[in-house]
Amino acid sequence: MKLVVLATVAAASLAAAGCGGGDGGSEIALSGYSGSNSSSGDMGVSAAPVQPGGVVAGSGITVVGSGTADVVPDVADWSFGVSSQAATASDALSANASAMNAVLDALKSAGVSKEDLQTTQVSLYPETADDGRTVTGYSASSTVTATVRKLGDAGKVVDAAVRAGANDVYGPNLHPSDTDAQYREAVDKAFDDARAHAEAIAAKAGVSLGAPTAIVEGGGYVPGPMMAYDRAAAGGAEVAPVEPGTQQVSASLTVTFAIATGA
């Protein structure tokens, strides 16, 4: 009887050795040695290593790479709300429509185009007495979002809306108008990061890295914080200047590299 020794490389041992560091996770799946049965009674062994969370699907090293690129936001979204009260529902809605029309006219006069104005909320609810049942009137509210494409105009736009009757002001929600170039840069960095992880794992395993056989893309824009203003704070006063700072565009790639034959 022949004794067939099956050598496997486990992903757990690689992790213990500290290979593929960084934030990106990595997995390794190496095909096992396959023996064969014969009529003379020889014993054959066929297996592939299985690691927790790993992939057993032929020879390959699967890793995750990430990359980022900085971008300066050049657009700000502001939300302006108005609320109105009246004895009847129809009167509350009518009053609210008039108030919102005044805000919209002010925003347009401040330089916001019609295409950059969007109604995002309209609501109506009854107001009740202390007993919680008797309706004493109705309150209507609505909100419009204005996209300001020149950050230097933000103060003028906010002031115009508040003077026209906006009760609530939220913003700015800063974001870039175009991130194509930055995303391509982030993807390049993500692929380089993935290859670096795979090369470290391959070196530890004693194999040579081949070409990528599968790539799964993921990632996106990371927005900045939104600040809030109210009418009491902003009414009639100069709004603080909006500093865009920088934000990040991120990309993530899950890449499977083949193990070069003859390694």
Side-chain angles (χ1 to χ4, degrees), residues 3-36 44-75 173-226 244-263:
L3 177 62
V4 179
V5 179
L6 173 67
T8 64
V9 180
S13 65
L14 298 181
C19 290
D23 294 334
S26 58
E27 300 170 347
I28 179 170
L30 304 178
S31 60
Y33 172 85
S34 178
S36 60
V45 180
S46 178
V50 179
Q51 306 85 27
V55 179
V56 182
S59 298
I61 298 175
T62 300
V63 294
V64 177
S66 60
T68 60
D70 291 336
V71 61
V72 178
D74 56 353
V75 175
N173 181 17
L174 298 170
H175 58 91
S177 57
D178 183 18
T179 60
D180 288 348
Q182 290 80 8
Y183 186 69
R184 286 194 294 270
E185 179 184 349
V187 168
D188 287 344
K189 292 180 179 179
F191 185 83
D192 292 342
D193 185 47
R195 179 175 285 280
H197 289 327
E199 287 175 344
I201 293 172
K204 187 65 177 180
V207 297
S208 296
L209 201 65
T213 60
I215 301 175
V216 179
E217 179 189 23
Y221 158 70
V222 180
M226 175 181 283
T246 59
Q247 295 172 356
Q248 284 190 330
V249 175
S250 64
S252 175
L253 296 178
T254 301
V255 185
T256 298
F257 291 91
I259 294 176
T261 58

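No hydrogens, no waters, no symmetry mates; every other heavy atom, side chains included, goes into these values.
Among all heavy-atom pairs drawn from Gly245 and Pro73, the shortest one is O-CD, 3.5 Å. Contact detail for Phe257 and Ala198: the closest heavy-atom pair is CD1-CB, 3.5 Å. Nearest approach of Val63 to Ala194, heavy atoms of both residues: CG2-O, 3.2 Å. Scanning all heavy atoms of the two residues, the minimum distance from Ser177 to Val75 falls at CB-CG2, 3.8 Å. Across all their heavy atoms, Glu217 and Leu253 have their closest contact at CA-CD2, 3.8 Å.
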Can you list the steps and then say if Arg195 with Leu209 is a side chain to side chain contact (heavy atoms under 4.5 Å, CB included)?
CA-CA 9 Å; Arg195 179 175 285 280; Leu209 201 65; 4.0 Å; yes
Kindly determine whether Gln248 and Asp70 satisfy side chain to side chain contact (heavy atoms under 4.5 Å, CB included), including the steps that lead there.
CA-CA 5 Å; Gln248 284 190 330; Asp70 291 336; 3.5 Å; yes
Step by step, work out the side chain to side chain contact (heavy atoms under 4.5 Å, CB included) result for Val187 and Tyr183.
CA-CA 6 Å; Val187 168; Tyr183 186 69; 3.5 Å; yes
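To the nearest 0.5 angstrom, Ser208 atom OG is 10.5 Å from Glu199 atom CD. Rounded to the nearest 0.5 angstrom, Ile201 CD1 and Lys204 NZ are separated by 12.0 Å. The NE2 atom of His175 sits 9.0 Å away from the CD atom of Gln247 when rounded to the nearest 0.5 Å.
A heavy-atom distance below 4.5 Å is not found between the side chains of Pro244 and Asp74.
Side chain of Thr256 to backbone of Thr213: no donor-acceptor contact under 3.5 angstrom is found. Of the possible donor and acceptor atoms, none in the side chain of Asp193 sits under 3.5 Å from a partner among the backbone N and O of Gly67.
Within the structure, salt bridge (Lys or Arg N to Asp or Glu O under 4.0 Å) pairs that include any residue of residues 179-189 comprise Glu185-Lys189 (at least two apart or interchain).
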